[in-house]
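Below is one structure, written out as structure tokens; comments come after it.
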Amino acid sequence: MAVEPPALQVLRWDEPPDGPVLVLLDQTRLPAAETELVCTDVPALVRAIQTLAVRGAPLLGIAGAYGVALAAARGYDVDEAAELLEGARPTAVNLGYGVRLAAEAYRTAVEKGGTEGEAAAAALAAARELHRTDAAGSARMARLGLGLLDELLPGGSLRILTHCNTGALVSGGAGTAFAVALAAHRAGRLRQLWVDETRPLLQGSRLTAYEAARNGMPYSLLADNAAGSLFAAGEVDAVLIGADRIAADGSVANKVGSYPLAVLAKYHHVPFVVVAPGTTVDLGSPDGASIEVEQRPGREVTEVTAPPLPGAAAAARMSVAPPGTRAYNPAFDVTPPELVTAIVTEEGVLSPVTGDGLVELCARSRQVTIS
Ligand SMILES: CSC[C@@H](O)[C@@H](O)C(=O)COP(=O)(O)O
């Protein structure tokens with residue numbers, strides 16, 4: 001039987017004598033080094049979010065909630081902190097959700113006549129609750145996702161292609177799409193995990209391969225542009241991805257490169273399954289076109305960055321394009337609902353994708369209404 005590795009300490013709240021802090025596993029340094037990044041204030045956390053030291057939709061929500069708790073505990077203006085945190089990255093709807101959840105808990109405590117300390121404790125309790133429910137949701141998604149694969153692809157071993165990183169590094173638990181692949185592995189059903197390297201920031205090769213290796217999963221890495229030939233060779237049974245935002249019409253925003261995989265999957269009659277918590281559904285975005293896609297600096301494309309080795313102060317960067325080259329660098333793309341076989345959430349599987357299903361799901365999985 002496979003031995004489970006120790007759980008990754010991705011994010012934790014700590015209270016040293018000089019005041020509370022949020023401690024993150026610095027994902028920019030993986031896989032070369034497992035380094036902690038200590039955030040003592042909200043600007044430090046905002047930098048960590050923008051540089052992708054902490055990343056992935058569910059974890060951004062959890063980090064945002066703890067960020068509000070940090071501001072409250074250290075006596076900063078909570079509304080200002082919430083605005084800064086929410087604006088740190090635009091696409092993952094979970095970030096704003098987590099921030100508003102904790103800010104709402106803080107405000108409610110103040111309105112009820114609580115002290116600053118009591119209101120800060122309420123914000124922290126909300127962050128901890130979100131952390132806990134995300135972990136529980138992750139386990140449910142893994143179970144439901146594996147059940148769906150059993151239905152779609154009964155018997156036999158599975159060759160799953162995944163994109164970006166959707167494992168324990170993005171969640172309070174085992175993650176979203178990766179958690180399903182891990183459940184398949186633990187059930188003895190995973191023959192191969194195909195890991196897209198995920199240019200330009202290499203979340204696949206740096207992070208998913210790192211998690212697959214830790215868990216003893218059979219995996220191979222491929223350059224993103226090798227996916228077509230892999231499908232053509234009949235080597236992919238299912239595509240599993242996460243999501244940063246799911247619009248009311250079922251359009252799915254996820255790491256750039258997801259949409260071309262959905263097109264390939266449709267052409268080759270391979271199920272394309274999205275795994276995401278209910279908090280990723282945004283009924284305020286009516287369709288894919290209304291989702292704001294984060295545009296990132298062109299140098300992430302014109303340069304390659306190697307994660308710094310232990311002890312090195314900074315990443316090694318090397319230019320791979322002539323000086324002055326402009327680049328197109330959207331962080332996400334949007335897959336239309338007709339290319340999505342199913343959406344797996346902690347509340348159930350939606351298949352085929354319908355607006356009605358999403359509305360019900362949202363009502364069940366949200367603790368506060370997002371305006
Ligand atoms: C559940 S993780 C889903 C997504 O957040 C993930 O696939 C992704 O696109 C992350 O992008 P990133 O830019 O690394 O934060």
Side-chain angles (χ1 to χ4, degrees), residues 10-11 24-28 30 46 48-64 88-98 134-135 137-142 145 161-182 195-211 224 239-246 252-262 272-282 291-297 300-301 305 307 329-335 340 343-346 365:
V10 179
L11 175 155
L24 307 171
L25 174 62
D26 185 347
Q27 298 194 28
T28 63
L30 290 172
V46 167
I49 291 172
Q50 289 174 338
T51 56
L52 275 52
V54 59
R55 49 156 292 285
L59 191 67
L60 287 174
I62 296 167
R89 290 188 77 189
T91 307
V93 71
N94 308 60
L95 175 57
Y97 175 72
D134 185 76
S138 186
R140 278 200 299 275
M141 283 185 276
L161 172 63
T162 192
H163 190 66
C164 196
N165 170 258
T166 60
L169 290 168
V170 302
S171 160
T176 59
F178 184 88
V180 177
L182 184 56
V195 179
D196 253 9
E197 68 172 348
T198 317
R199 274 280 288 156
L201 295 180
L202 305 175
Q203 288 93 333
S205 60
R206 291 190 305 104
L207 308 177
T208 301
Y210 163 79
E211 291 201 48
D224 300 339
V239 179
L240 296 184
I241 63 157
D244 281 77
R245 188 180 296 238
I246 300 173
V252 174
N254 191 52
K255 177 55 56 196
V256 69
S258 300
Y259 168 58
L261 289 180
F272 183 88
V273 176
V274 175
V275 187
T279 47
T280 304
V281 178
D282 177 25
I291 298 176
E292 184 184 347
V293 171
E294 176 184 5
Q295 301 293 324
R296 295 197 52 96
E300 290 178 353
V301 177
T305 305
N329 189 19
F332 304 97
D333 59 24
V334 179
T335 299
V340 177
I343 297 177
V344 177
T345 75
E346 74 281 23
S365 65

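Whatever order the structure lists ligands and atoms in, that order sets their numbers, starting from 1. This chain uses plain numbering: 1 for the first residue, then up along the sequence. Just so we're clear, the structure is a prediction, and the values are computed from it rather than from any experiment.
At a threshold of 4.0 Å, the pair Arg199-Asp224 does not count as salt-bridged, since none of the basic side-chain nitrogens sits closer than that to a carboxylate oxygen. A salt bridge links Arg296 with Glu294: at least one charged nitrogen is closer than 4.0 Å to a carboxylate oxygen.
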From CA spacing to verdict: side-chain hydrogen bond (donor to acceptor under 3.5 Å, both in side chains), Thr198, Asp196: CA-CA 5 Å; Thr198 317; Asp196 253 9; 5.4 Å; no

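With contacts defined as side-chain heavy-atom distances shorter than 4.5 Å, the pair Thr280/Val252 does not qualify.
Closest approach of Gln27 and Leu52 over heavy atoms only: CB-O, 3.7 Å.
Listed by chain and residue number, the protein contacts of ligand 1 are Leu52, Arg55, Gly56, Ala57, Pro58, Arg89, Cys164, Asn165, Thr166, Val170, Thr176, Gln203, Gly242, Ala243, Asp244, Asn254, Lys255, Phe332 (heavy atom within 4.0 angstrom).
A donor-acceptor contact under 3.5 angstrom links the side chains of Arg55 and Asn165, judged on distance only.
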